[in-house]
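Working notes for the structure below.
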Amino acid sequence: MRKSQKRMTPQSSFGFTGGESDSTDEGGDPVIETFCKLVKADIARLRNNGRRLGRSNLTSEDRREIGILKKNKSITIKPADKDGALVVMDTSQYIGEIRSQLSDVNVYERLQVNPTKRFKLELDTLIDGALDSGLIDTKLAKYLKVEHPVVPVLYTLLKIHKDLHRPPGRPIVSGRGSLCNKVAIFLDHLLRKLAVSALSYVRDRSDFIRSLKGVRVVESTWGLSAVSVALADSNMAPDCAWFVLALLEFILGRNYFLFGDDYYLVLSDTFRYRKVSTFGVTKILTIY
(Lines give C-alpha, C1' and ligand atoms only; values in the text may rest on other atoms or scores of the structure.)
Protein backbone atom coordinates (compact mmCIF):
# COMPACT_ATOMS: atom_id res chain seq x y z
CA MET A 1 0.00 0.00 0.00
CA ARG A 2 1.31 3.44 -0.86
CA LYS A 3 1.85 5.75 2.11
CA SER A 4 -0.08 8.52 0.41
CA GLN A 5 -3.22 6.38 0.20
CA LYS A 6 -5.82 7.56 2.68
CA ARG A 7 -7.49 4.92 4.81
CA MET A 8 -11.21 5.11 5.36
CA THR A 9 -12.82 5.38 8.77
CA PRO A 10 -14.51 2.17 9.96
CA GLN A 11 -18.15 2.79 9.04
CA SER A 12 -17.36 4.56 5.76
CA SER A 13 -15.29 1.57 4.61
CA PHE A 14 -18.41 -0.48 4.04
CA GLY A 15 -20.77 1.83 2.17
CA PHE A 16 -23.52 -0.76 2.43
CA THR A 17 -27.21 0.03 2.79
CA GLY A 18 -28.82 -3.19 3.96
CA GLY A 19 -30.64 -5.17 1.33
CA GLU A 20 -29.43 -3.36 -1.75
CA SER A 21 -27.87 -6.55 -3.14
CA ASP A 22 -30.95 -8.62 -2.40
CA SER A 23 -32.58 -7.79 -5.73
CA THR A 24 -30.84 -10.52 -7.68
CA ASP A 25 -29.10 -13.79 -6.90
CA GLU A 26 -25.88 -12.85 -8.65
CA GLY A 27 -25.75 -9.14 -7.84
CA GLY A 28 -23.04 -6.70 -8.82
CA ASP A 29 -24.29 -5.94 -12.35
CA PRO A 30 -26.20 -2.63 -12.44
CA VAL A 31 -27.73 -3.46 -15.84
CA ILE A 32 -29.26 -6.69 -14.53
CA GLU A 33 -30.41 -5.04 -11.33
CA THR A 34 -32.07 -2.22 -13.26
CA PHE A 35 -33.79 -4.70 -15.56
CA CYS A 36 -35.13 -6.66 -12.57
CA LYS A 37 -36.45 -3.51 -10.95
CA LEU A 38 -38.23 -2.51 -14.16
CA VAL A 39 -39.82 -5.95 -14.53
CA LYS A 40 -40.99 -5.89 -10.91
CA ALA A 41 -42.44 -2.42 -11.43
CA ASP A 42 -44.35 -3.61 -14.53
CA ILE A 43 -45.76 -6.59 -12.65
CA ALA A 44 -46.83 -4.39 -9.74
CA ARG A 45 -48.47 -1.96 -12.16
CA LEU A 46 -50.46 -4.75 -13.80
CA ARG A 47 -51.63 -6.02 -10.44
CA ASN A 48 -52.61 -2.55 -9.27
CA ASN A 49 -54.62 -2.04 -12.45
CA GLY A 50 -56.52 -5.23 -11.77
CA ARG A 51 -55.43 -6.78 -15.05
CA ARG A 52 -54.85 -10.50 -15.38
CA LEU A 53 -51.30 -11.57 -16.16
CA GLY A 54 -52.46 -14.01 -18.82
CA ARG A 55 -54.45 -17.21 -19.06
CA SER A 56 -52.99 -20.53 -18.05
CA ASN A 57 -51.89 -22.77 -20.92
CA LEU A 58 -52.91 -25.83 -18.91
CA THR A 59 -56.25 -27.53 -19.23
CA SER A 60 -58.19 -28.68 -16.20
CA GLU A 61 -57.15 -32.24 -17.01
CA ASP A 62 -53.48 -31.18 -17.12
CA ARG A 63 -53.78 -29.55 -13.72
CA ARG A 64 -55.47 -32.63 -12.30
CA GLU A 65 -52.69 -34.91 -13.57
CA ILE A 66 -50.02 -32.57 -12.17
CA GLY A 67 -51.77 -32.67 -8.81
CA ILE A 68 -51.69 -36.47 -8.86
CA LEU A 69 -47.98 -36.47 -9.65
CA LYS A 70 -47.24 -34.01 -6.83
CA LYS A 71 -48.98 -36.29 -4.34
CA ASN A 72 -47.11 -39.38 -5.52
CA LYS A 73 -44.36 -39.77 -2.93
CA SER A 74 -42.80 -42.74 -4.70
CA ILE A 75 -41.33 -40.48 -7.38
CA THR A 76 -39.19 -37.35 -7.19
CA ILE A 77 -39.23 -34.68 -9.90
CA LYS A 78 -36.14 -32.48 -10.05
CA PRO A 79 -34.42 -30.27 -12.65
CA ALA A 80 -31.49 -31.74 -14.52
CA ASP A 81 -28.08 -30.20 -13.90
CA LYS A 82 -27.89 -29.09 -17.54
CA ASP A 83 -30.11 -28.42 -20.57
CA GLY A 84 -33.18 -27.37 -18.55
CA ALA A 85 -34.71 -30.85 -18.56
CA LEU A 86 -36.90 -32.35 -15.83
CA VAL A 87 -36.02 -35.72 -14.34
CA VAL A 88 -38.56 -38.14 -12.89
CA MET A 89 -36.79 -40.54 -10.55
CA ASP A 90 -37.73 -43.15 -7.97
CA THR A 91 -37.64 -41.42 -4.60
CA SER A 92 -35.75 -44.30 -3.01
CA GLN A 93 -33.04 -44.01 -5.69
CA TYR A 94 -32.87 -40.23 -5.32
CA ILE A 95 -32.49 -40.41 -1.53
CA GLY A 96 -30.04 -43.29 -1.78
CA GLU A 97 -27.75 -41.36 -4.11
CA ILE A 98 -27.66 -38.39 -1.72
CA ARG A 99 -27.07 -40.63 1.29
CA SER A 100 -24.16 -42.17 -0.57
CA GLN A 101 -22.56 -38.73 -0.94
CA LEU A 102 -23.25 -37.82 2.68
CA SER A 103 -21.52 -40.99 3.88
CA ASP A 104 -18.13 -39.48 2.99
CA VAL A 105 -16.81 -38.56 6.44
CA ASN A 106 -14.00 -36.53 4.90
CA VAL A 107 -16.53 -34.10 3.45
CA TYR A 108 -19.54 -34.17 5.79
CA GLU A 109 -20.00 -34.48 9.52
CA ARG A 110 -23.37 -35.66 10.79
CA LEU A 111 -24.52 -33.52 13.71
CA GLN A 112 -26.45 -34.77 16.70
CA VAL A 113 -28.61 -31.64 17.07
CA ASN A 114 -29.74 -28.61 15.11
CA PRO A 115 -26.80 -26.16 15.41
CA THR A 116 -28.79 -23.05 14.40
CA LYS A 117 -29.25 -21.72 17.94
CA ARG A 118 -25.55 -22.11 18.80
CA PHE A 119 -24.37 -20.60 15.51
CA LYS A 120 -26.81 -17.71 15.87
CA LEU A 121 -25.43 -16.90 19.33
CA GLU A 122 -21.87 -16.88 17.92
CA LEU A 123 -22.81 -14.63 15.00
CA ASP A 124 -24.86 -12.23 17.13
CA THR A 125 -21.93 -11.93 19.56
CA LEU A 126 -19.59 -11.09 16.68
CA ILE A 127 -21.98 -8.47 15.28
CA ASP A 128 -22.69 -6.94 18.71
CA GLY A 129 -18.95 -6.65 19.33
CA ALA A 130 -18.50 -4.79 16.04
CA LEU A 131 -21.40 -2.52 16.92
CA ASP A 132 -20.03 -1.74 20.38
CA SER A 133 -16.62 -0.97 18.86
CA GLY A 134 -18.12 1.44 16.35
CA LEU A 135 -17.14 -0.68 13.32
CA ILE A 136 -20.75 -0.85 12.14
CA ASP A 137 -23.86 1.16 12.86
CA THR A 138 -27.18 0.01 14.25
CA LYS A 139 -28.78 -0.25 10.82
CA LEU A 140 -26.14 -2.62 9.48
CA ALA A 141 -26.14 -4.68 12.68
CA LYS A 142 -29.91 -5.07 12.41
CA TYR A 143 -29.61 -6.10 8.76
CA LEU A 144 -26.94 -8.74 9.41
CA LYS A 145 -28.91 -10.39 12.21
CA VAL A 146 -31.63 -12.89 11.31
CA GLU A 147 -34.06 -13.23 14.18
CA HIS A 148 -35.78 -16.35 12.90
CA PRO A 149 -33.36 -18.09 10.52
CA VAL A 150 -34.51 -20.84 8.19
CA VAL A 151 -32.46 -24.04 8.31
CA PRO A 152 -30.64 -24.56 4.97
CA VAL A 153 -31.86 -27.61 3.08
CA LEU A 154 -29.89 -29.88 0.76
CA TYR A 155 -31.13 -31.11 -2.60
CA THR A 156 -29.39 -32.21 -5.79
CA LEU A 157 -29.56 -31.40 -9.49
CA LEU A 158 -29.37 -34.63 -11.43
CA LYS A 159 -26.54 -35.11 -13.95
CA ILE A 160 -28.35 -37.11 -16.62
CA HIS A 161 -25.66 -36.09 -19.11
CA LYS A 162 -23.29 -38.39 -17.21
CA ASP A 163 -25.59 -41.34 -16.53
CA LEU A 164 -29.13 -41.48 -17.83
CA HIS A 165 -30.23 -44.42 -15.67
CA ARG A 166 -28.43 -43.72 -12.38
CA PRO A 167 -27.55 -40.02 -12.56
CA PRO A 168 -25.27 -38.61 -9.86
CA GLY A 169 -26.47 -35.46 -8.13
CA ARG A 170 -24.81 -32.07 -7.83
CA PRO A 171 -25.40 -30.93 -4.22
CA ILE A 172 -27.13 -27.59 -3.75
CA VAL A 173 -27.97 -25.92 -0.44
CA SER A 174 -31.04 -23.72 -0.40
CA GLY A 175 -29.98 -21.04 2.06
CA ARG A 176 -32.38 -18.16 1.40
CA GLY A 177 -33.54 -16.80 4.76
CA SER A 178 -30.86 -18.78 6.60
CA LEU A 179 -28.56 -17.50 9.33
CA CYS A 180 -25.68 -16.60 6.99
CA ASN A 181 -27.68 -15.45 3.95
CA LYS A 182 -27.49 -11.71 4.68
CA VAL A 183 -23.89 -11.94 5.86
CA ALA A 184 -22.99 -13.53 2.50
CA ILE A 185 -24.79 -10.72 0.64
CA PHE A 186 -22.91 -8.12 2.70
CA LEU A 187 -19.55 -9.79 2.07
CA ASP A 188 -20.27 -10.11 -1.62
CA HIS A 189 -21.00 -6.37 -1.79
CA LEU A 190 -17.66 -5.52 -0.17
CA LEU A 191 -15.37 -8.10 -1.68
CA ARG A 192 -16.67 -7.89 -5.23
CA LYS A 193 -15.30 -4.33 -5.42
CA LEU A 194 -11.85 -5.61 -4.49
CA ALA A 195 -12.12 -8.46 -6.99
CA VAL A 196 -12.74 -6.23 -10.00
CA SER A 197 -9.82 -3.99 -8.99
CA ALA A 198 -7.37 -6.89 -9.22
CA LEU A 199 -5.03 -7.37 -12.14
CA SER A 200 -7.26 -10.24 -13.22
CA TYR A 201 -10.53 -11.48 -11.82
CA VAL A 202 -13.25 -14.07 -12.37
CA ARG A 203 -16.30 -12.50 -13.96
CA ASP A 204 -18.69 -15.46 -13.92
CA ARG A 205 -18.83 -19.25 -13.98
CA SER A 206 -17.81 -19.57 -17.62
CA ASP A 207 -14.90 -17.19 -17.07
CA PHE A 208 -13.88 -19.28 -14.06
CA ILE A 209 -13.83 -22.49 -16.10
CA ARG A 210 -11.69 -20.85 -18.77
CA SER A 211 -9.33 -19.49 -16.12
CA LEU A 212 -8.73 -22.96 -14.65
CA LYS A 213 -6.91 -24.11 -17.77
CA GLY A 214 -3.22 -24.20 -16.92
CA VAL A 215 -3.71 -23.09 -13.29
CA ARG A 216 -2.26 -25.32 -10.60
CA VAL A 217 -4.49 -26.39 -7.71
CA VAL A 218 -3.89 -24.65 -4.38
CA GLU A 219 -4.87 -25.64 -0.87
CA SER A 220 -8.35 -24.41 0.11
CA THR A 221 -6.95 -23.22 3.46
CA TRP A 222 -5.06 -20.51 1.57
CA GLY A 223 -8.33 -18.82 0.64
CA LEU A 224 -8.66 -16.70 3.78
CA SER A 225 -5.00 -15.75 3.56
CA ALA A 226 -5.58 -14.56 -0.01
CA VAL A 227 -8.52 -12.43 1.11
CA SER A 228 -6.44 -11.06 3.99
CA VAL A 229 -3.74 -9.94 1.56
CA ALA A 230 -6.33 -8.27 -0.67
CA LEU A 231 -7.85 -6.39 2.26
CA ALA A 232 -4.41 -5.25 3.43
CA ASP A 233 -3.74 -3.85 -0.04
CA SER A 234 -7.03 -1.96 -0.02
CA ASN A 235 -7.81 1.29 1.79
CA MET A 236 -10.08 -0.44 4.30
CA ALA A 237 -9.42 0.36 7.95
CA PRO A 238 -7.62 -2.50 9.78
CA ASP A 239 -10.44 -3.04 12.27
CA CYS A 240 -12.95 -3.26 9.44
CA ALA A 241 -10.75 -5.73 7.59
CA TRP A 242 -10.65 -7.87 10.72
CA PHE A 243 -14.44 -7.81 10.93
CA VAL A 244 -14.81 -8.82 7.27
CA LEU A 245 -12.39 -11.73 7.73
CA ALA A 246 -14.18 -12.81 10.91
CA LEU A 247 -17.53 -12.89 9.09
CA LEU A 248 -16.03 -14.77 6.15
CA GLU A 249 -14.41 -17.35 8.42
CA PHE A 250 -17.68 -17.72 10.29
CA ILE A 251 -19.85 -18.59 7.29
CA LEU A 252 -17.23 -20.85 5.71
CA GLY A 253 -16.77 -22.79 8.94
CA ARG A 254 -20.48 -23.15 9.70
CA ASN A 255 -21.84 -24.30 6.39
CA TYR A 256 -24.54 -26.70 7.56
CA PHE A 257 -27.79 -28.06 6.17
CA LEU A 258 -30.69 -30.40 6.77
CA PHE A 259 -31.45 -33.50 4.74
CA GLY A 260 -34.38 -35.61 5.82
CA ASP A 261 -34.23 -35.57 9.61
CA ASP A 262 -30.46 -35.21 9.84
CA TYR A 263 -28.19 -32.17 10.14
CA TYR A 264 -24.77 -32.08 8.48
CA LEU A 265 -21.74 -29.81 8.64
CA VAL A 266 -19.63 -29.39 5.51
CA LEU A 267 -15.96 -30.16 6.18
CA SER A 268 -14.70 -29.65 2.65
CA ASP A 269 -15.14 -27.16 -0.20
CA THR A 270 -17.81 -29.25 -1.92
CA PHE A 271 -20.02 -26.18 -2.09
CA ARG A 272 -20.08 -22.81 -0.41
CA TYR A 273 -22.29 -19.80 -0.12
CA ARG A 274 -22.55 -18.75 -3.75
CA LYS A 275 -22.41 -15.05 -2.91
CA VAL A 276 -18.79 -15.14 -1.79
CA SER A 277 -17.35 -17.98 -3.86
CA THR A 278 -16.38 -15.90 -6.90
CA PHE A 279 -14.31 -13.49 -4.83
CA GLY A 280 -12.35 -16.28 -3.15
CA VAL A 281 -11.48 -17.87 -6.46
CA THR A 282 -10.51 -14.48 -7.91
CA LYS A 283 -8.01 -13.68 -5.19
CA ILE A 284 -6.46 -17.14 -5.21
CA LEU A 285 -5.96 -16.97 -8.98
CA THR A 286 -4.61 -13.41 -8.72
CA ILE A 287 -2.05 -14.09 -5.99
CA TYR A 288 -0.94 -17.57 -6.99
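Predicted model only: the values in this text are computed from it and were never measured.
- In this structure the side chain of Asp90 never reaches within 4.5 angstrom of the side chain of Thr76, judged on heavy atoms.
- Gln93 and Glu97 share no side-chain donor-acceptor pair at under 3.5 Å.
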Quiz prompt | Residues Asp262, Arg99; criterion salt bridge (Lys or Arg N to Asp or Glu O under 4.0 Å); working and verdict | solution = CA-CA 11 Å; Asp262 299 318; Arg99 292 291 185 191; 3.1 Å; yes
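- Linking ILVMFWY side-chain heavy atoms closer than 4.5 Å, directly or via other members, places Leu158 and Leu69 in two distinct hydrophobic clusters.
- Within the 4.5 Å cutoff, side-chain heavy atoms of Leu187 are placed close to those of Val244.
- Leu135 and Leu245 fall within a single hydrophobic cluster, where Ile, Leu, Val, Met, Phe, Trp and Tyr side chains are chained together by heavy-atom contacts under 4.5 Å.
- Between Asn114 and Tyr256, some side-chain heavy-atom pair lies under the 4.5 Å cut-off.
- Under the 4.5 Å side-chain criterion, counting only non-hydrogen atoms from C-beta, Tyr143 is not in contact with Asp137.
- Here the shortest heavy-atom pairing between Gly177 and Val146 reads O-CG1, 4.0 Å.
- Rounded to the nearest 0.5 angstrom, Leu190 CG and Leu247 CG are separated by 9.0 Å.
- In the hydrophobic clustering of ILVMFWY residues, with side-chain heavy atoms under 4.5 Å counting as a link, Leu121 and Leu144 come out apart.
- Taking 4.5 Å as the limit, some side-chain heavy atom of Val151 sits within range of a side-chain heavy atom of Leu258.
- From Cys180, atom SG reaches atom CG of Asn255 across 8.0 Å, with rounding to the nearest 0.5 Å.
- Hydrophobic cluster membership is shared by Ile185 and Phe250, with clusters built from Ile, Leu, Val, Met, Phe, Trp and Tyr side chains linked at under 4.5 angstrom.
- Residues Pro149 and Lys120 meet the side-chain proximity criterion, which asks for heavy atoms closer than 4.5 Å.
- Under the 4.5 Å side-chain heavy-atom criterion for grouping Ile, Leu, Val, Met, Phe, Trp and Tyr, Tyr155 is not connected to Ile77 through any hydrophobic cluster.
- Looking at Lys73 and Thr91, their side chains never come closer than 4.5 Å, going by heavy atoms from C-beta outward.
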Quiz item: Run the side-chain contact (heavy atoms from CB on, under 4.5 Å) check on Ile98 and Phe259 step by step: do they pass?
Solution: CA-CA 9 Å; Ile98 296 179; Phe259 180 72; 3.5 Å; yes
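- With rounding to the nearest 0.5 angstrom, the CD1 atom of Ile160 is 15.0 Å from the NZ atom of Lys78.
- A distance of 10.0 Å separates CZ of Arg170 from OG1 of Thr156, quoted to the nearest 0.5 Å.
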Quiz item: Between Leu154 and Leu102, is a side-chain contact (heavy atoms from CB on, under 4.5 Å) present by the stated rule, with each step listed?
Solution: CA-CA 11 Å; Leu154 175 73; Leu102 296 179; 3.9 Å; yes
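- No donor-acceptor pair closer than 3.5 Å links the side chain of Ser133 to the backbone N or O of Ala130.
- The environment of CZ in Arg63 is crowded: more than 12 heavy-atom neighbours from other residues, nucleotides or ligands sit within 6.0 Å.
- The nearest pair of heavy atoms linking Leu265 to Gly253 is CD1-O, 3.9 Å.
- The heavy-atom pair separating Val173 from Pro152 by the smallest distance is CG1-CB, 3.5 Å.
- Remark: the Ser178 side chain and the Asn181 side chain contain no N/O donor-acceptor pair separated by less than 3.5 Å.
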Exercise. Apply the test side-chain contact (heavy atoms from CB on, under 4.5 Å) to residues Leu123 and Arg254: give CA-CA distance (whole Å), side-chain angles for both, the deciding distance (0.1 Å), then the verdict.
Key: CA-CA 10 Å; Leu123 181 58; Arg254 291 156 186 82; over 6 Å; no
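- Within the model, atoms CD1 of Ile66 and CG of Leu58 stand 5.0 Å from one another, a figure rounded to the nearest 0.5 Å.
- Using a cutoff of 4.0 Å between basic side-chain nitrogens and carboxylate oxygens, Asp81 and Lys162 are not scored as salt-bridged.
- In this structure the side chain of Phe243 reaches within 4.5 angstrom of the side chain of Leu126, judged on heavy atoms.
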Exercise. Apply side-chain contact (heavy atoms from CB on, under 4.5 Å) to the pair Val153 and Phe257, showing each step before the final yes or no.
Key: CA-CA 5 Å; Val153 177; Phe257 59 83; over 6 Å; no
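- Once rounded to the nearest 0.5 Å, the distance linking CD of Glu109 with OH of Tyr264 reads 11.5 Å.
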